[in-house]
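Data block below; observations after.
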Amino acid sequence: MKEEIKKIVLAAAAKAFKQGLLISEKFPSIEFEEPKHETQGDVSTNFAMISASVQKRAPRKIAEAVIPFIQTSNTTNSSIIKKVEIAGPGFINFFLCDEAWHSIIETIFIQDNKYGSSNLGNNKKVQVEFVSANPTGPLHVGHGRGAAVGDATANILAFAGFDVQKEYYINDSGRQISTLGKSVWLRLLEQEGKEIDFPGDCYQGEYIKDFAKEILLEKGNSLLEKEETEAISECAKYSADHILNGIKDDLKSFGVEFDQWFSEQSLYDSSSVQKTIDGFKSKDIIYEKDGALWFNTEKYGDEKDRVVVRSNGVTTYFASDIAYHIEKFDRGFDRVIDVWGADHHGYIQRINACIDAYGRDSSEQFDVILVQLVNLLRGGKPCAMSTRAGEFVTLKDIVAEVGKDAARFMFLSRSYDSKLDFDLELAKEKSNNNPVFYVQYVHARISSILQKAEDQNLINNQNIEWHEDLNEFVNSLRKNEEIKLIKILSLFGENVEKSAQTLHPHIIFTYLMTLAQAFHSYYNKHKVITENKEISLGRLILITAVKKVIRNGLGLLGVSAPERM
RNA sequence: GCGCCCGUGGCUCAGCUGGAUAGAGUACCUGACUACGAAUCAGGGGGUCGGGAGUUCGAAUCUCUCCGGGCGUACCA
């Protein structure tokens with residue numbers, strides 16, 4: 001809609017220039033927006049204010065010069081503009097005809113589950129890597145937030161025209177895995193009645209003991225007879241595999257499906273890490289000092305250089321990370337997005353460094369979404385959680401308790417820049433307090449009305465098929481609340497684009513809340529099924545359009561749109 | 001010390017690529033079910049947008065500075 005108004009304004013401005021009413025035909029990048037107050041029209045532009053310096057005249061004078069060239073429905077039947085006004089410091093406000101909005105409904109029906117999508121991404125290849133939790137323990141709340149954010153962001157980017165791949169990076173190499181093996185091994189010995197000293201840096205959770213039991217049952221004494229290092233590595237492999245499978249299951253029941261699970265170990269197996277190090281060495285970006293290999297990250301904006309291979313010959317986590325990120329670009333992604341816990345923010349600079357050193361532009365091609373902490377609450381009180389003791393509420397527990405939809409919606413309700421209070425009691429509540437029900441209720445309520453309409457033979461199918469003749473009924477939508485609803489429906493696409501551009505999925509959440517609020521309000525004020533068949537049909541079409549947009553929006557967030565609740 | 005995030009009604013947060021009178025929810029009051037689903041709606045009170053300075057026709061939004069909170073600052077991952 002804004003685009004159409006923009007064309008009209010620019011055309012009018014050009015005419016005004018031709019007639020000598022404006023000095024310049026340069027029109028700066030002007031903006032169109034919905035004013036906050038209804039008295040300020042449907043669409044508003046800052047054209048006159050922005051042009052003030054170029055035209056060397058007061059904004060209101062500029063507006064006065066241009067407005068006469070804008071046709072309204074008073075003089076021209078085909079115009080979608082009812083009235084134009086100059087307001088405040090020089091805004092030009094447009095009041096549109098009801099008919100201008102009606103066409104949105106047809107678009108929604110025709111585009112259906114594609115309504116709101118766009119070509120913004122131009123099919124650019126983007127990878128979103130998220131969760132990527134170490135396979136050393138079950139996923140907890142924090143991972144849940146990362147999973148919801150990563151998954152929704154990827155969905156939104158895909159909807160906005162990017163070619164998106166979702167990936168999970170498995171840290172199946174390095175020290176944390178051997179620590180896992182050691183932890184299980186020690187518990188195993190303990191169960192065999194041996195005196196052990198269980199170090200603080202080993203994994204403390206009960207699940208470690210469970211693995212020890214399982215392994216003992218499965219492999220029996222053969223393991224005990226082996227050399228300790230070999231036994232530990234067997235314990236590590238067994239446990240990591242099982243934990244990873246658990247993670248996969250948990251994510252699946254959380255509604256997250258990855259396109260690729262990428263193994264860190266594979267980077268070593270394919271010598272990718274070594275080749276990457278050699279490559280940078282030959283360019284003197286990696287150099288030797290004090291017996292270790294260092295990456296010259298400081299040159300690329302980091303505070304200091306970072307070790308890639310320790311003096312004991314062992315690679316650091318950073319080494320495989322360099323190889324991994326470079327390989328992402330080698331795999332053909334134009335853009336790479338990582339979702340991390342905010343406590344890892346210190347890593348951004350060094351990853352930027354290796355991407356830039358590789359000849360890519362990290363500022364254009366690499367983004368890190370930093371997800372802030374989650375405070376888990378129960379009835380307003382903090383849930384005791386201690387990672388050290390290995391006792392935490394797992395993602396699995398949360399999904400089991402409140403359900404996938406409530407959990408995801410809650411995680412996406414706020415910007416990931418802010419910490420999040422997640423209240424388990426609230427997430428289960430069936431009320432206004434709980435946003436997921438508020439929005440899903442719209443969908444269920446509409447389904448229920450459509451069912452009733454079908455029962456009364458007003459429509460012969462709840463899934464109303466679009467036909468041009470239906471425009472006649474749409475045309476009967478004249479109530480304020482109806483036009484307001486359509487306006488909100490018309491904004492879905494630009495909200496998706498904004499969400500994709502800023503990588504902020506909560507924008508979709510906020511949009512859905514606004515739409516839901518407008519629908520509930522409309523519902524309470526006007527009966528859909530009335531004595532008047534024409535009006536009833538018009539309204540049934542309208543609410544079907546609302547239903548489609550709610551479904552599309554919830555779909556982006558990975559939340560279901562139920563017919564009944 | 002340095003770096004990142006946050007600071008908006010009592011509480012939890014939107015709004016932040018500058019726009020007009022700063023919005024929701026919650027809580028607190030008051031109303032609406034012989035009803036297409038009350039898991040809903042309508043109305044009311046409640047704000048120095050952490051403080052200060054700057055840029056601008058215009059600042060919650062951009063810049064600087066200070067204050068407060070969280071996180072990070074390894075040859076850990």
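In the text below, chain A, chain B and the rest are named by the order of the sequence lines, each starting its count at 1. Side chains are part of it too, since the values below use all heavy atoms of this structure and drop only hydrogens, waters and symmetry mates.
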So what does A:His526 hit on the nucleic acid, given a heavy-atom distance under 4.0 Å: a base, only sugar-phosphate, or nothing?
-> base
Side-chain donor/acceptor of A:His344 to base of B:G72, under 3.5 Å = no
Rounded to whole angstroms, how far apart are OH on A:Tyr522 and C1' on B:A42?
-> 17 Å
Please report, rounded to the nearest Å, how far the P atom of B:U26 is from the CD atom of A:Glu429.
-> 10 Å
Pairwise 5' ranking along RNA chain B for A:Tyr438 and A:Thr45, keeping only the more 5' one | A:Thr45
Strand partner of B:G46, provided both Watson-Crick or wobble distances fall under 3.5 Å = none
Per the O4'-C1'-N9-C4 / O4'-C1'-N1-C2 angle with a 90° window around 0, B:C33 comes out syn
Assign the ring pair A:His504 / A:Tyr416 to parallel, tilted or perpendicular, where the plane angle (0 to 90°) is split at 30° and 60°.
-> parallel
Separation of B:G31 P from A:Lys525 NZ (nearest whole Å) | 21 Å
Using 30° and 60° as the class limits, which term best fits the ring planes of A:His143 and A:His140: parallel, tilted or perpendicular?
-> tilted
Pick the C1' atom in B:C33 and in B:C28, then give their distance to the nearest Å.
-> 24 Å
Identify whether any heavy atom of A:Ser311 sits under 4.0 Å from a base atom; if not, whether one sits that close to sugar-phosphate; answer base, sugar-phosphate or nothing.
-> base
Assign A:Lys304 to base, sugar-phosphate, or nothing according to its heavy-atom contacts below 4.0 angstrom with the strands shown.
-> sugar-phosphate
Hey, is the side chain of A:Asn93 pairing donor to acceptor with the base of B:A20 inside 3.5 Å?
-> yes
In the structure shown, which nucleotide is the Watson-Crick or G-U wobble counterpart of B:G68, with both distances under 3.5 Å?
-> B:C6
With the side chain of A:His520 defined as its heavy atoms from C-beta on, choose the nearest nucleotide among B:C41, B:C6, B:U73.
-> B:C41
Using atom CD of A:Gln55 as one end and atom P of B:C57 as the other, report the distance to the nearest whole Å.
-> 17 Å
Stacked pair A:Phe91-B:A20, distance under 5.5 Å, angle under 30° = yes
Is the distance from OP1 or OP2 of B:C57 to the nearest side-chain N or O of A:Lys56 less than 4.0 Å?
-> no
Calculate the interatomic distance between A:Arg414 atom CZ and B:G25 atom P; express it in whole Å.
-> 12 Å
Between A:Lys6 and A:Phe32, is NZ or CZ placed under 6.0 angstrom from the six-membered ring centre and within 45° of the ring axis?
-> no
Going by modelled atom types, is there a donor-acceptor pair between the base of B:C36 and the side chain of A:Ser448 at under 3.5 Å?
-> no
Closer than 4.0 Å, any side-chain N/O of A:Arg539 to the OP1 or OP2 of B:C36?
-> no
So, are A:Lys487 and A:Glu38 salt-bridged, with charged N and O less than 4.0 Å apart?
-> no
When A:Asn524 and A:Gly346 are each assigned the nearest nucleotide of RNA chain B, the 5'-most assignment goes to A:Asn524
Does B:A74 have OP1 or OP2 sitting under 4.0 Å from an N or O in the side chain of A:Tyr317?
-> no
What nucleotide among B:C76, B:G72, B:C13 has an atom nearest to a side-chain atom of A:Asp421?
-> B:C13
Once you apply the 3.5 Å cut-off to both distances, tell me the Watson-Crick or G-U wobble partner of B:U34, or none.
-> none
Roughly how far apart, to the nearest Å, are B:G50 and B:C6 at atom C1'?
-> 11 Å
Quick one: is A:Ser415 getting a side-chain N or O under 4.0 Å of the B:G15 phosphate, OP1 or OP2?
-> no
Of the listed nucleotides B:C71, B:A39, B:G19, the one nearest the side chain of A:Met49 | B:G19
How far, in whole Å, is B:G18 from B:C62 if one measures between their C1' atoms?
-> 7 Å
By the Watson-Crick or G-U definition, both distances under 3.5 Å, B:C11 is matched with B:G25
Which of A:Leu373, A:Val339, A:Val374 passes side-chain contact (heavy atoms from CB on, under 4.5 Å) with A:Arg145? It is A:Val374
A:Glu425/A:Arg378 salt bridge by N-O under 4.0 Å criterion | yes
Rounded interatomic separation in angstrom, taking NZ from A:Lys36 and C1' from B:G18 = 11 Å
Identity of whatever pairs with B:U73 - Watson-Crick or G-U, under 3.5 angstrom = B:G1
Report yes if a donor N or O on one partner sits less than 3.5 Å from an acceptor N or O on the other, where the partners are the side chain of A:Ser44 and the base of B:A20; otherwise report no.
-> yes
So what does A:Asn171 touch, heavy atoms closer than 4.0 Å: a base, only the sugar-phosphate, or nothing?
-> nothing
Any idea how A:Phe280 and A:Phe295 line up, ring-wise: parallel (<30°), tilted (30 to 60°), or perpendicular (>60°)?
-> perpendicular
Base, sugar-phosphate alone, or nothing: which one does A:Gln517 contact when heavy atoms must sit under 4.0 Å apart?
-> sugar-phosphate
Heavy atoms under 4.0 Å, any strand shown: does A:Gln40 hit a base, just sugar-phosphate, or nothing?
-> base
Just to confirm, is there a sub-4.0 Å distance from OP1 or OP2 of B:A42 to any side-chain nitrogen or oxygen of A:Ser521?
-> yes
For A:Ala444, which contact category applies under a 4.0 Å heavy-atom criterion: base, sugar-phosphate, or nothing?
-> base
